[in-house]
Every structure is written in structure tokens, then in C-alpha cells.
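Down below is the structure, laid out as C-alpha cells.
Counting begins at 1 with the first residue of the sequence. The shown structure was predicted, so the numbers you read here are calculated from the model rather than taken from an experiment.
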Amino acid sequence: LQMNQLASERAELQGQLSGKEMAPKLQFTAYRSRLYQRDDTINGIQLSIAIPLFDYGQVDAEVQRWKFEKAALAVNWQQQLRQAREKLNSQRLRKQLLGKQALGLLELVRMSQKGYDAGLLTILEVFDTQKAYREVLTDYIDSQVQLRQAEIELYTLMNDPLVVEEDVNP
């Protein structure tokens, strides 16, 4: 975020500087001279103004180029922010769905254990349901980690670590 801000400031200042190249240049010179090796010393001052008349559009083109670069940086930041919001929302949905799936499989594990106790299921079928539950539980924990990473990414882009969840939804 700081790199984008610094690049944007640089583009703005460079554009302003380029726009000032057509300004007249004032030069002040003080001198001391001896003409023809005489004992008389001549002191003098000189004031000159250089006014550029034609630049063939180079200065305006440079100013426009820096303005476009600044606008491109702003668009890039907005795209990153939108992508981070979308990622955060998808991670929230993934976590919610995996949580529901894990609860359903937990109930299935309990039912399969009761079925094994009643002699209706084999031990392999019970192990299969437990394995499926562990896999979904692992995915659920992974989704929590990815959700926190998405939140950190979004809050870093927004440069505000204390954003309330309602502010993040588009």
C-alpha cells in the first residue's frame, strides 16, 4: 500500500515538475573582470531571462503521461481491493459450508458407531466415515486459516487493521 501511495505521489509531483518546464528561467550573474590586462577592474552584474517559446508538445505530453500513470496506479489499487474483498467473501462462505458439512459428518460418525454396535455395519465402514469426518475437519481448519489471511490482506490494503466486518462487504 505504501509503495502504491509513494508511486502515486511521485507521479503527481513529476507531472507538476514537468508542467513547470515552460516557465521562464531567471539567471543572475555577478562578475569581476579586467579587460585587455589593464589595471582597471570592472565589476558588473548581469540579469537574464530565458523564455522557452516552443517545445513541440513535449512538456504537455510528459504531464499527461504522469497523470495517466497516477490514474493507472489508482485503478490498480482499486482492483486489488475488489479482489481482496471477493476473496474474503468466498473464504467466509467456504468456512460456513465446511462447518455445516463437518457437523453433518460428525452426526454420521455417531450413527455409524451405533450401527456397528448394533451389528449392522462393519468396522471398515465406521473407519471410512471417521476418515471422511477428519478430512472435512482438516479442510475446515484450513479454511479458517485462509479466512484470516484474506482478512489480513484486505485490512492491509485498506491500511486499517480495525475495520468492522460489515464495512468489508461490498
Side-chain angles (χ1 to χ4, degrees), residues 1-23 52 55-170:
L1 177 65
Q2 288 179 337
M3 291 300 290
N4 279 345
Q5 288 175 343
L6 290 175
S8 178
E9 287 178 26
R10 182 182 139 255
E12 183 177 349
L13 292 174
Q14 194 68 32
Q16 289 175 0
L17 182 64
S18 295
K20 293 181 180 179
E21 287 196 19
M22 286 300 291
D55 70 343
Y56 303 103
Q58 291 174 349
V59 171
D60 288 336
E62 187 74 14
V63 169
Q64 289 299 321
R65 185 178 73 81
W66 288 110
K67 285 181 181 179
F68 287 137
E69 183 176 327
K70 181 181 178 187
L73 287 169
V75 168
N76 183 26
W77 179 77
Q78 289 173 350
Q79 287 175 344
Q80 288 177 348
L81 189 61
R82 183 182 44 79
Q83 289 172 350
R85 284 181 175 164
E86 290 172 359
K87 183 179 178 182
L88 180 64
N89 289 333
S90 68
Q91 290 301 329
R92 282 183 180 152
L93 181 62
R94 181 173 182 254
K95 179 186 169 218
Q96 182 182 15
L97 293 175
L98 285 172
K100 288 178 182 178
Q101 189 177 6
L103 289 175
L105 281 172
L106 180 61
E107 184 62 30
L108 188 62
V109 166
R110 289 182 187 142
M111 290 171 47
S112 68
Q113 288 173 347
K114 288 179 184 178
Y116 175 74
D117 291 340
L120 300 172
L121 297 174
T122 65
I123 192 73
L124 292 176
E125 292 170 327
V126 174
F127 287 156
D128 284 342
T129 57
Q130 289 176 349
K131 179 183 174 191
Y133 172 69
R134 282 193 309 273
E135 288 174 355
V136 169
L137 192 59
T138 302
D139 289 344
Y140 177 74
I141 293 169
D142 185 49
S143 73
Q144 287 180 325
V145 170
Q146 290 178 2
L147 176 63
R148 294 299 172 237
Q149 288 174 343
E151 286 175 347
I152 290 169
E153 180 182 342
L154 177 64
Y155 297 158
T156 302
L157 278 173
M158 295 175 73
N159 202 18
D160 187 5
L162 300 176
V163 174
V164 181
E165 283 189 6
E166 289 79 26
D167 293 343
V168 177
N169 293 327

Rounded distance (nearest 0.5 Å) linking atom [atom1] of [X] with atom [atom2] of [Y]:
{"X": "L103", "Y": "L108", "atom1": "CG", "atom2": "CG", "value": "12.5 Å"}
{"X": "Q83", "Y": "E153", "atom1": "CD", "atom2": "CD", "value": "8.5 Å"}
{"X": "L88", "Y": "R148", "atom1": "CG", "atom2": "CZ", "value": "9.5 Å"}
{"X": "L105", "Y": "R110", "atom1": "CG", "atom2": "CZ", "value": "12.0 Å"}
{"X": "Q80", "Y": "Q78", "atom1": "CD", "atom2": "CD", "value": "11.0 Å"}
{"X": "L124", "Y": "D128", "atom1": "CG", "atom2": "CG", "value": "6.5 Å"}

Heavy-atom check, side chain of Q96 versus side chain of K100, under 4.5 Å: yes
message: What verdict does the side-chain contact (heavy atoms from CB on, under 4.5 Å) test give for M111 and E107, after you've listed the backbone C-alpha separation in whole Å, the side-chain angles of each residue and the deciding distance to 0.1 Å?
response: CA-CA 6 Å; M111 290 171 47; E107 184 62 30; 3.9 Å; yes
query: Hey, are D142 and Q146 close enough side-chain-wise for a donor-acceptor pair under 3.5 Å?
result: yes
statement: Closest non-hydrogen contact found for L121 with Y116 is O-CD1, 3.3 Å
statement: Taking every heavy atom of A84 against every heavy atom of L154, the minimum-distance pair comes out as CB-CD1, 3.8 Å
message: Between Q101 and L98, does the side-chain contact (heavy atoms from CB on, under 4.5 Å) criterion hold? Intermediate values first, please.
response: CA-CA 5 Å; Q101 189 177 6; L98 285 172; 3.6 Å; yes
message: For K95 and Q91: C-alpha separation, side-chain torsions, deciding distance, then whether side-chain contact (heavy atoms from CB on, under 4.5 Å) applies.
response: CA-CA 6 Å; K95 179 186 169 218; Q91 290 301 329; over 6 Å; no
- request: Show your working on side-chain contact (heavy atoms from CB on, under 4.5 Å) between E125 and T129 and close with a plain yes or no.
  value: CA-CA 6 Å; E125 292 170 327; T129 57; 5.9 Å; no
